[in-house]
Amino acid sequence: MNKKKPSKLPRSFYDRPTLEVAPELLGKYIVYHSPDGILSARIVEVEAYIGTDDPACHASRGRTERNSVMFGPPGYSYIYFIYGMYHCLNFVTEPEGKPAAVLLRAAEPVAGLDIMQQRSTNSNPDTLLNGPGKFCRAFGLTRSENNLDLTADRLYLENRQENVKNIVQTKRIGIRTGTEKLWRFYDGDSPSVSRR
DNA sequence: TGAATGATGCGCT
DNA sequence: GCGCATCATTCAT
């Protein structure tokens, strides 16, 4: 055992201003111990949703049963169901009481590619995870995986340092309000970004 | 190559 | 009932 496994990102990583956390998530590896095997992917695109003043944030109209995880402590998964057929995965940020999260929009497959492909009609690794709905479908994440502790063993991010040379910051995608905020970050060198 | 659209279920007004 | 942090397909340019 001379090779050390990367440790998990600690809760303190998530317990910071969301706009600090979001760009640092690029290049990090997400690991999911799924029922079918271990899945891993390199994060290449995220969006920030921050607080009650952000009209695009689910928490902007107050706390409800659906968005309650965002009001809780940082370092938990927030997964919601949308458009009748898709799920989206977020990482809860900021201290308890301040609702905020980072949406995982796209990633590159690292481990468990065959398992991901079984859940999709698409076999191209570059476009298997290049969208929030596609990512959750390939990973098999649903509301059952909502509110998971990201410092536990089932779903977590690896604490490894990787420099992303070309971070692009743009407007968020797929929303009607709050579009003026430049809260989307992606790796400009990745082939798996959802949209340029 | 971009715009329009249907699929489809649920949370919230 | 309406609208939604989407995606794949269809149709127009």
Side-chain angles (χ1 to χ4, degrees), chain A residues 14 17-19 21-26 28 30 32 41 43-72 74 76-94 98-109 116-148 150 155 157 167-187 190-196:
Chain A
Y14 305 96
T18 308
L19 292 178
V21 177
E24 289 185 29
L25 286 169
L26 299 178
K28 293 285 193 297
I30 182 171
Y32 176 46
I43 297 172
V44 300
E45 179 180 345
V46 296
E47 283 177 2
Y49 289 87
I50 308 172
T52 49
D53 292 335
D54 174 8
C57 181
H58 286 173
S60 63
R61 270 163 289 206
R63 181 174 186 150
T64 66
E65 185 167 2
R66 177 174 74 146
N67 66 26
S68 64
V69 179
M70 275 201 291
F71 287 80
Y76 283 80
S77 63
Y78 169 47
I79 300 182
Y80 60 88
F81 184 65
I82 187 125
Y83 294 121
M85 56 182 84
Y86 298 109
H87 296 268
C88 292
L89 167 65
N90 300 252
F91 309 115
V92 175
T93 57
E94 314 244 8
K98 175 165 183 185
V102 178
L103 168 70
L104 172 53
R105 284 197 55 92
E108 299 168 356
M116 300 178 202
Q117 287 168 330
Q118 285 169 19
R119 301 201 179 97
S120 174
T121 55
N122 172 16
S123 62
N124 180 354
D126 286 348
T127 56
L128 192 61
L129 308 175
N130 68 340
K134 295 168 79 174
F135 176 88
C136 284
R137 183 180 57 191
F139 263 58
L141 294 171
T142 69
R143 277 169 297 184
S144 302
E145 285 73 40
N146 185 41
N147 202 17
L148 290 182
L150 300 176
L155 179 66
L157 301 186
I167 294 182
V168 184
Q169 182 172 4
T170 68
K171 294 177 179 178
R172 294 176 292 181
I173 289 179
I175 53 175
R176 305 291 300 176
T177 57
T179 52
E180 74 285 353
K181 297 187 166 41
L182 303 180
W183 288 356
R184 173 179 180 239
F185 304 88
Y186 67 84
D187 178 353
S190 171
S192 298
V193 168
S194 69
R195 189 176 149 225
R196 314 256 157 195

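Per chain, numbering begins at 1; letters A, B, ... match sequence-line order. Just so we're clear, the structure is a prediction, and the values are computed from it rather than from any experiment.
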- [ ] If C/dA5 has a Watson-Crick or G-U wobble mate with both distances under 3.5 Å, name it; if not, just say none.
- [x] none

Open item on the list: Using whole Å, what does the distance between atom P of nucleotide C/dC7 and atom CZ of A/Arg195 come to?
Closed with: 12 Å

- [ ] With a 3.5 angstrom cut-off on both distances, give the Watson-Crick or G-U wobble partner of C/dT13, or none if there isn't one.
- [x] none

Open item on the list: Categorize A/Arg184 for me: base, sugar-phosphate, or nothing, with a 4.0 angstrom heavy-atom threshold over every strand shown.
Closed with: nothing

Task: Options C/dA5, B/dC12, C/dC7, nucleotide nearest the side-chain atoms of A/Arg66 - done: B/dC12

TODO: For A/Asn122 and C/dT9, give me the distance from atom CG to atom P, rounded to whole Å.
DONE: 10 Å

TODO: Have a look at A/Arg176 and say if it touches a base, only the backbone sugar-phosphate, or nothing, with a 4.0 Å heavy-atom cut-off.
DONE: sugar-phosphate

TODO: List the steps, then state whether side-chain contact (heavy atoms from CB on, under 4.5 Å) holds for A/Arg172 with A/Asp54.
DONE: CA-CA 12 Å; A/Arg172 294 176 292 181; A/Asp54 174 8; 2.8 Å; yes

Task: Evaluation steps, side-chain contact (heavy atoms from CB on, under 4.5 Å), between A/His58 and A/Thr64 - done: CA-CA 9 Å; A/His58 286 173; A/Thr64 66; over 6 Å; no

Open item on the list: Could you tell me how far apart A/Tyr80 (OH) and B/dT8 (P) are, to the nearest whole angstrom?
Closed with: 20 Å

Task: Sugar-phosphate only, base, or nothing, as touched by A/Gly133 at under 4.0 Å among non-hydrogen atoms - done: sugar-phosphate

Open item on the list: Classify A/Arg137 by what it touches in the nucleic acid, base, sugar-phosphate, or nothing, heavy-atom distance under 4.0 Å.
Closed with: sugar-phosphate

Task: Among C/dC7, B/dC10, C/dC4, the one nearest A/Ile82 by side-chain distance - done: C/dC4

TODO: Answer with base, sugar-phosphate or nothing: what part of the nucleic acid does A/Phe81 contact at a heavy-atom distance below 4.0 Å?
DONE: sugar-phosphate

Task: Spacing of A/Tyr86 atom OH relative to C/dT6 atom P, expressed in whole Å - done: 11 Å

- [ ] In whole angstrom, give the distance that lies between atom NE2 of A/His87 and atom P of C/dC7.
- [x] 13 Å

- [ ] Round to the nearest Å and state the distance from A/Leu89 atom CG to C/dT6 atom P.
- [x] 14 Å

Task: Nucleotide nearest A/Lys134 (side chain, heavy atoms from C-beta), chosen from C/dC7, C/dT6, B/dC10 - done: C/dC7

Open item on the list: Let's go through A/Val69 and A/Asn90 carefully: what are the C-alpha distance in whole Å and the side-chain angles of both, what is the deciding distance for side-chain contact (heavy atoms from CB on, under 4.5 Å) to 0.1 Å, and is it a yes or a no?
Closed with: CA-CA 10 Å; A/Val69 179; A/Asn90 300 252; over 6 Å; no

- [ ] May I ask you to decide if the ring planes of A/Tyr78 and A/Tyr80 are parallel, tilted or perpendicular, using 30° and 60° as cut-offs?
- [x] tilted

TODO: Figure out the CZ/P separation between A/Arg172 and C/dA5, and round it to whole Å.
DONE: 10 Å

- [ ] Determine: side-chain N/O of A/Arg105 to OP1/OP2 of C/dT6, distance under 4.0 Å, yes or no.
- [x] yes

Open item on the list: Quick one, A/Val21 and A/Phe91 - any side-chain contact, counting heavy atoms below 4.5 Å?
Closed with: no

Task: Main-chain N/O of A/Asp53 paired to A/Ser60 side chain as donor or acceptor, under 3.5 Å - done: no

Open item on the list: On DNA chain B, compare the nucleotides closest to A/Asn67 and A/Tyr83; which residue's is nearer the 5' end?
Closed with: A/Tyr83

- [ ] Would you tell me if any nitrogen or oxygen in the side chain of A/Thr64 comes within less than 4.0 Å of OP1 or OP2 on B/dG11?
- [x] no

Open item on the list: Considering every strand and a 4.0 Å limit on heavy-atom distances, what is the contact class for A/Leu103: base, sugar-phosphate, or nothing?
Closed with: base

Open item on the list: I want to check one thing: is the phosphate of C/dC4, taken as OP1 and OP2, less than 4.0 Å away from some side-chain N or O of A/Arg61?
Closed with: no

Open item on the list: Partner lookup for B/dT8, please. Criteria are Watson-Crick or G-U wobble with both distances under 3.5 angstrom; report none if nothing qualifies.
Closed with: none

- [ ] Nearest whole angstrom, please: distance from the C1' of C/dC7 to the CG of A/Leu128.
- [x] 14 Å

